[in-house]
Amino acid sequence: MSNEWPLWEVFIRGQHGMSHRHVGSLHAPDAEMAIKNARDVYTRRNEGVSIWVVEAANIAASSPTEKGPLYDPSRSKVYRHPTFFDIPDEVGAM
Amino acid sequence: MSALFEFLLRMGDNTLVLGHRVSEWCGHAPILEEDIALANTALDLIGQTQMWLGLAAEVEGKGRTADDLAYRRDVIDFRNCLLTELPNRDFGHTLMRQFLFDAWHKLMLTRLCDSSDERVAAIAMKALKEVSYHLERSADTVIGLGDGTEESHAKMQSALNRLWPYVGEMFEADSVDDLNAQEGVTVNPSELRADYDRIVYDVMSDATLTIPDSRFAHRGGRDGSRHTEHLGHMLAVMQFLPRAYPDARW
């Protein structure tokens, strides 16, 4: 495995005003090549206006085994969800 | 054969032949990411070929199409530089060939954006964006592999030694170039050499590779007088389908 290039997670902004979204991952020797590879692998059909890459090892992730304490408590708190508002169409994507 | 037609063949045959060579990596590159990147480069070059040979066919005015020019000419009618028809060999060799061509290609297209022929300028402007990226990518890879492990360094140095004698032909000028330069259609390729040498010197320095001293240049591709033995084999594969099934449609 030591001969393998590190894994990078790729985030693409599809159009101005939207946020970057995770689109997948790839291997590359460094950040510059990761961006080039991302350009070739993930934007060849005109999908993006901006690319972020981050080495997968640098991502801290929550543990699936802790999902009970992490997420369950918010389930019963419906008053935190502003679902009773009607969003006007003109607002567009939120 | 008009000088303009000849010039357009030289541009279009460079991109056609190199595009086909690069496409030979499809499904064979060392890693998935490079495989896709090489396929993208090949597709860019074939796309540029359609424009150059399309215009060549139009200028010739004999009813031929870009496809006729690509698939129904034999070796002696091709006008690509010898560098573009050389076999891929290993991955490092392929990327070294790509870099040596891309650096010339970008300089040439930059100048062609000011061509007195609007059609030539339009093609150059479209192609230049693609080729600027090709050059960035191939230069980075040459540097990464040259300044990499002992093995990758040795492979890149041997690729440079092997390919260097094919560089000079890209800067040669003959009566065709002189005529087109007078008309302002293109520039005399020899004018590009100083800038080219600077680019190559910078990249090879970063790549810790040594540029050979010799300026000896193999020639005979861009005037079709003496292609290498490799082009015929390549055309046999590339042209098989349209030759076996003329005018096939699907």
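In the text below, chain A, chain B and the rest are named by the order of the sequence lines, each starting its count at 1.
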Side chain, backbone, both or neither: which part of B:Leu32 has a heavy atom under 4.5 Å from chain A? neither

Largest heavy-atom contact set with chain A, pairs under 4.5 Å, which of B:Asn40, B:Ile31, B:Asp35: B:Asn40

Got a sec: does the NZ of B:Lys129 have more than 12 other heavy atoms crowding it under 6.0 Å? no

In terms of heavy-atom contacts, A:Arg39 and B:Tyr133 come closest through NH1-CE2, 3.2 Å

Is the closest side-chain heavy-atom distance between A:Met33 and B:Glu34 below 4.5 Å? yes

Please say whether more than 12 non-hydrogen atoms of neighbouring residues, nucleotides or ligands are located less than 6.0 Å from CZ in A:Arg21. no

Is any side-chain heavy atom of A:Trp5 closer than 4.5 Å to one of B:Glu33? no

Any chance NZ of A:Lys36 has more than 12 other-residue heavy atoms, nucleotides or ligands included, within less than 6.0 Å? yes

Answer yes or no: are there more than 12 heavy-atom neighbours, outside A:Phe11 itself, under 6.0 Å from its atom CZ? yes

For each of A:Asp30, A:Leu26, A:Asn37, tally heavy-atom pairs with chain B at distances under 4.5 Å, and name the one with the top tally. A:Asn37

Heavy-atom closest pair (B:Ile36 atom, A:Val41 atom, distance to 0.1 Å) is CD1-CG2, 4.0 Å

